[in-house]
Amino acid sequence: MKWRSAFALLLAAAFAAPQLAAAQDTRPGIGVLPFENGGSIGVDREDLEAFSVGLQQMLITELAFNGELRIVDRTNLHQLMEEQDLGAAGRVSAETAARIGKIVGAKYMILGGFIDFNAQLRIDARVVDVETTEIIKVQRQRDKRDNMYEIVVDLANNLTKGLELPALSRQAFNQRKERKVPSKAVKLYMKGLVYQNIGNNEKAAELFSQASEIFPEYTEAKEALKQTKS
């Protein structure tokens with residue numbers, strides 16, 4: 001029985017670590033969960049399976065450009081959800097999101113879903129107050145599927161409005177919007193994230209490299225490529 005007690009202590013320590021780190025950082029913490037895939041409908045259908053993790057990471061990246069916010073790392077959330085078997089049944093509830101948020105020391109958790117209709121992508125995001133488990137904001141963004149990068153930039157900017165969160169500066173926001181990342185590069189990056197999630201770094205590196213070749217200024221893909229080789 002001693003090994004069980006030791007394992008329980010180790011598990012508790014592992015979950016307490018993010019909370020201790022968050023306590024030392026006074027910035028409001030935000031976690032972003034994978035987005036639910038509502039599918040693609042219409043004559044221009046496309047496989048959007050990679051969007052679930054892809055949109056999650058892209059939103060995390062955009063929010064992280066605001067130095068006044070503390071963003072929970074996607075890898076930590078992924079490991080936690082697997083270890084705790086959270087969201088295994090499919091849709092993650094506000095209560096489940098709040099539970100995850102408390103473990104990682106976040107103030108807010110963002111969850112949501114997306115659907116594509118005739119190449120028009122719609123993302124619905126919900127912000128959960130970790131303390132009360134209430135959904136305190138709902139934000140919807142819609143545009144052409146090929147403009148998915150711009151959609152996420154707008155989504156990140158709009159999510160901070162109306163909450164007790166500092167906004168990204170207008171100059172920084174405009175710089176992000178002006179990048180015009182090609183949708184083909186974004187899709188390759190998203191697929192790379194999926195392979196990275198399952199530990200296939202060789203395939204992930206191939207996809208990240210292809211994304212970088214299409215858009216040489218794609219710093220996110222280049223950084224992800226470095227991670228696969230570290």
Side-chain angles (χ1 to χ4, degrees), residues 30-66 69 71-72 74 77-78 81 87 90-94 96-98 100-101 106 108-129 134-163 165 167-168 172-174 176-194 197 211 215 218 220-221 224:
I30 300 178
V32 182
L33 297 176
F35 281 72
E36 297 168 27
N37 184 359
S40 184
I41 305 167
V43 294
D44 193 21
R45 288 179 296 178
E46 187 172 314
D47 181 9
L48 305 182
E49 194 63 37
F51 279 42
S52 182
V53 173
L55 289 175
Q56 177 196 22
Q57 181 59 53
M58 288 175 66
L59 184 55
I60 286 173
T61 298
E62 295 310 314
L63 289 170
F65 265 87
N66 187 338
L69 306 177
I71 311 301
V72 180
R74 179 180 64 87
L77 291 172
H78 176 69
M81 292 183 73
R91 184 172 183 175
V92 177
S93 66
T96 301
I100 297 170
Y108 299 119
M109 292 295 291
I110 298 173
L111 64 157
F114 61 89
I115 188 168
D116 175 74
F117 185 73
N118 286 330
Q120 288 284 324
L121 183 66
R122 191 187 83 191
I123 305 175
D124 296 297
R126 306 185 295 279
V127 182
V128 176
D129 186 312
E134 292 181 282
I135 296 175
I136 57 174
K137 184 180 179 69
V138 177
Q139 182 65 42
R140 174 177 294 176
Q141 298 294 145
R142 182 172 182 171
D143 202 340
K144 294 179 181 178
R145 188 173 64 215
D146 285 347
N147 296 335
M148 65 186 79
Y149 172 75
E150 289 84 353
I151 298 175
V152 177
V153 173
D154 285 330
L155 179 62
N157 184 60
N158 291 330
L159 279 171
T160 60
K161 295 178 180 178
L163 299 176
L165 293 173
L168 182 67
F173 171 71
N174 289 337
R176 298 302 290 173
K177 284 277 285 187
E178 289 170 1
R179 293 178 78 206
K180 304 299 179 184
V181 185
S183 62
K184 186 175 181 180
V186 174
K187 291 172 187 175
L188 288 167
Y189 171 65
M190 287 181 167
K191 290 180 180 178
L193 292 171
V194 174
N197 254 13
F215 187 65
Y218 206 171
E220 294 93 321

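- Side chains of Asn197 and Arg74 form a contact here, defined as non-hydrogen atoms less than 4.5 Å apart.
- Salt bridge annotation for Arg179-Glu220: present, with a cationic side-chain nitrogen under 4.0 angstrom from a carboxylate oxygen.
- In terms of heavy atoms, Arg145 sits closest to Leu48 at CD-CD2, 4.1 Å.
- Ile71 CD1 to Ile30 CD1: the interatomic distance, rounded to the nearest 0.5 Å, is 4.5 Å.
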Working for side-chain contact (heavy atoms from CB on, under 4.5 Å), residues Met190 and Val194: CA-CA 7 Å; Met190 287 181 167; Val194 174; over 6 Å; no

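- Considering all non-hydrogen atoms of both residues, Ala97 and Val92 come closest at N-CG1, 4.0 Å.
- Listed for the Thr61 side chain is a donor-acceptor partner under 3.5 Å among the backbone atoms of Gln57.
- Judged by the 6.0 Å distance and 45° axis criteria, Arg122 is not positioned over the aromatic ring of Phe114.
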Worked check of side-chain contact (heavy atoms from CB on, under 4.5 Å) between Leu55 and Ile151: CA-CA 10 Å; Leu55 289 175; Ile151 298 175; over 6 Å; no

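- In this structure, a donor-acceptor pair under 3.5 Å is absent between the side chains of Gln56 and Ser52.
- For the atom pair CG of Leu33 and CD1 of Ile60, the computed distance is 8.5 Å after rounding to the nearest 0.5 Å.
- When every heavy atom of Val128 is checked against every heavy atom of Ala94, the shortest pair comes out as CG1-O, 3.7 Å.
- Taken to the nearest 0.5 Å, the CG atom of Leu188 stands 6.5 Å off from the NZ atom of Lys191.
- Listed here is the closest heavy atom pair of Leu69 and Leu63: CD1-O, 4.0 Å.
- One distance of note links CG of Asp116 with NZ of Lys144; it measures 13.5 Å at 0.5 Å rounding.
- Formation of a donor-acceptor pair under 3.5 Å by the Tyr149 side chain with backbone atoms of Met58 is not found in this model.
- The two residues Pro34 and Met81 make their nearest non-hydrogen contact at CD-SD, 4.0 Å.
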Contacts under 3.5 angstrom, residues 156-163 side chains, donor-acceptor by atom type, not counting sequence neighbours:
from	atom 1	to	atom 2	distance (Å)
Asn158	OD1	Lys161	NZ	3.4
Asn158	ND2	Gln141	OE1	2.6
Asn158	ND2	Asp154	O	3.2
Thr160	OG1	Asn157	O	2.9

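- Note that the CG atom of Leu111 and the CZ atom of Arg126 stand 4.5 Å from one another [nearest 0.5 Å].
- Between Asn118 and Gly42, the shortest heavy-atom contact is OD1-CA, 3.1 Å.
- Using a 4.0 Å cut-off between charged nitrogen and carboxylate oxygen, Arg142 and Glu150 do not count as a salt-bridge pair.
- Every residue two or more places apart in sequence or in another chain that forms a ring pair (Phe, Tyr, Trp, His ring centres under 6.0 Å) with Tyr189 is listed here: Phe208, Tyr218.
- At most 12 non-hydrogen atoms from other residues, nucleotides or ligands lie less than 6.0 angstrom from CD of Glu49.
- Judged by distance alone, with hydrogens and angles left aside, the side-chain atoms of Ser40 form no donor-acceptor pair with the main-chain N or O of Arg45 at under 3.5 Å.
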Test salt bridge (Lys or Arg N to Asp or Glu O under 4.0 Å) applied to Lys184 and Asp146, step by step: CA-CA 8 Å; Lys184 186 175 181 180; Asp146 285 347; over 6 Å; no

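- The distance from the OH atom of Tyr108 to the NZ atom of Lys137 is 10.5 Å, given to the nearest 0.5 Å.
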Worked verdict on Ile110 versus Leu59 for side-chain contact (heavy atoms from CB on, under 4.5 Å): CA-CA 10 Å; Ile110 298 173; Leu59 184 55; 4.1 Å; yes

